[in-house]
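Notes to accompany the following structure.
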Amino acid sequence: MGITPVTNGEYAPFLDARGVAAPPWWSDSRFRGPSRPVVGVTWADAAAFCDWLTSAGGGTWRLPSEAEWEFAASGGRIAPKTAWGEALPPGEVPRGPLDGPWEVGRGRPNGYGLLDAGTIVHEWCLNWSEAAAPGTPRRASRGGSWRHAIRWSAPNASSSLPPDYRYADYGFRVLREAEAGES
């Protein structure tokens, strides 16, 4: 599982290699910077990035399923309130008004070494949302958001969005599938 959500710095080579348009907030100073999470990507954009990583070699990459995301974000705990246990570590999430996401990796790792798990941006997941109303297909997502009053969510909190939507607080994290013989 990616240690952090995918950053602008990690996403830029994909844009160059594939010649695809940058997400809507790409040039906005509130979202720019190589260490900020890439936002405004659709589910298909996130999946295409994973396909590009796979074609570049070094394993098979994809979005994590909701169950995989929850397991990793729980950091080895059973149904924790946060990725770190019952409470957020002090200073994990910035206080006060924000006009964009903070840089990834500023906080403390959870029990599995993930940073920013459940904070900073909602993260697209591989599967369709089972909670969506009939006739309204939505892709599952997990995590909190820099733009909400409460900027974190529990690992088991699920959300969803139509797959072609773009929001300033939606990004993603990647997962590399284990090869035969790996653990």
Side-chain angles (χ1 to χ4, degrees), residues 1-70 72-73 98-107 113-132 135-148 151 153 158-179:
M1 181 80 87
I3 300 298
T4 68
V6 172
T7 65
N8 291 329
E10 294 165 330
Y11 200 73
F14 162 72
L15 294 177
D16 292 340
R18 292 285 170 102
V20 297
W25 292 273
W26 188 257
S27 298
D28 187 318
S29 62
R30 298 169 299 170
F31 300 88
R32 201 172 41 222
S35 296
R36 290 184 191 240
V38 64
V39 296
V41 294
T42 65
W43 184 91
D45 294 337
F49 178 85
C50 293
D51 290 344
W52 173 75
L53 277 180
T54 296
S55 69
T60 301
W61 295 85
R62 62 176 171 80
L63 296 172
S65 69
E66 275 192 287
E68 291 165 333
W69 193 99
E70 181 178 338
L98 295 175
D99 61 358
W102 57 89
E103 291 186 349
V104 303
R106 68 184 288 280
L114 269 60
L115 296 163
D116 310 307
T119 67
I120 201 166
V121 290
H122 299 292
E123 299 177 23
W124 287 113
C125 292
L126 181 65
N127 51 293
W128 291 98
S129 173
E130 294 178 15
T136 58
R138 298 168 72 94
R139 286 288 184 172
S141 58
R142 294 292 181 109
S145 168
W146 65 267
R147 70 180 186 92
H148 293 296
R151 296 182 177 138
S153 66
S158 180
S159 58
S160 65
L161 197 67
D164 58 344
Y165 279 29
R166 297 179 182 275
Y167 281 115
D169 63 344
Y170 256 75
F172 65 101
R173 192 178 297 255
V174 295
L175 179 142
R176 186 174 67 84
E177 292 182 0
E179 302 293 327

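Here, residue 1 is the first one in the sequence, and each next residue gets the next number.
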So, for Pro5 and Leu115, which heavy atoms are closest and what is the spacing to 0.1 Å? CD-O, 4.2 Å

Closest non-hydrogen contact found for Val41 with Pro23 is CG1-CG, 3.9 Å

Test item: Val39 and Tyr167 side chains (from C-beta on) under 4.5 Å apart, heavy atoms: no

Check ion pair Asp116-Arg106 (N to O, under 4.0 angstrom): no

Heavy atoms only: give me the nearest Leu63-Ala46 pair and the separation to one decimal. CD2-CB, 3.9 Å

Could you check if a side-chain atom of Ser153 sits within less than 4.5 angstrom of a side-chain atom of Arg142, using non-hydrogen atoms only? no

Please give me the minimum heavy-atom distance between Glu68 and Met1, naming the atom from each residue. O-CE, 3.6 Å

Separation of Arg151 CZ from Ser145 OG (nearest 0.5 Å): 8.5 Å

Name the one of Tyr170, Trp124, Trp69 that satisfies side chain to side chain donor-acceptor pair (under 3.5 Å) with Ser141? Tyr170

Separation of Leu161 CG from His122 NE2 (nearest 0.5 Å): 8.5 Å

Other residues, nucleotides, ligands: >12 heavy atoms within 6.0 Å of Glu177 CD: yes

Using atom types as modelled and distance alone, determine if a side-chain donor or acceptor of Arg147 lies under 3.5 Å from a backbone N or O of Asp169. no

Rounded to the nearest 0.5 Å, what's the gap from CZ on Arg173 to SG on Cys50? Could you check? 12.5 Å

Any Pro37 side-chain heavy atom under 4.5 Å of Val104 side chain: yes

Does Arg36 use its side chain to pair, donor to acceptor, with the backbone of Gly100 at less than 3.5 Å? no

Give a yes or no answer on whether the side chain of Trp146 reaches the backbone of Ala168 with a donor-acceptor pair at less than 3.5 Å. yes

Could you grab the distance from atom CG of Leu126 to atom CH2 of Trp43, nearest 0.5 Å is fine? 6.0 Å

What's the separation between atom OG1 in Thr4 and atom CD in Glu123, rounded to the nearest 0.5 Å? 8.5 Å

Using a distance-only test with no angle check, is there a side-chain donor-acceptor pair under 3.5 angstrom linking Thr42 and Asp45? yes

Would a 4.5 Å heavy-atom cut-off, applied to side chains only, mark Val38 and Trp26 as touching? yes

Could you list the donor-acceptor pairs under 3.5 angstrom formed by side chains in residues 9-21, with sequence neighbours left out?
unit_1: Glu10; atom_1: OE1; unit_2: Thr7; atom_2: N; d: 2.9
unit_1: Glu10; atom_1: OE1; unit_2: Thr7; atom_2: OG1; d: 3.3

Is it the case that Arg139 places NZ or CZ above or below the six-membered ring of Trp128, under 6.0 angstrom from the centre and within 45 degrees of the axis? yes

Show the numbers, then the answer: is there a side-chain contact (heavy atoms from CB on, under 4.5 Å) between Leu175 and Trp61? CA-CA 6 Å; Leu175 179 142; Trp61 295 85; 5.9 Å; no

N/O donor-acceptor pair under 3.5 Å between Asn127 side chain and Glu66 backbone: yes

Within the 3.5 Å criterion, strictly below it, is a donor on Ser129 or Arg138 matched to an acceptor on the partner's side chain? no

d(Asn8 CG, Glu103 CD) to nearest 0.5 Å is 10.0 Å

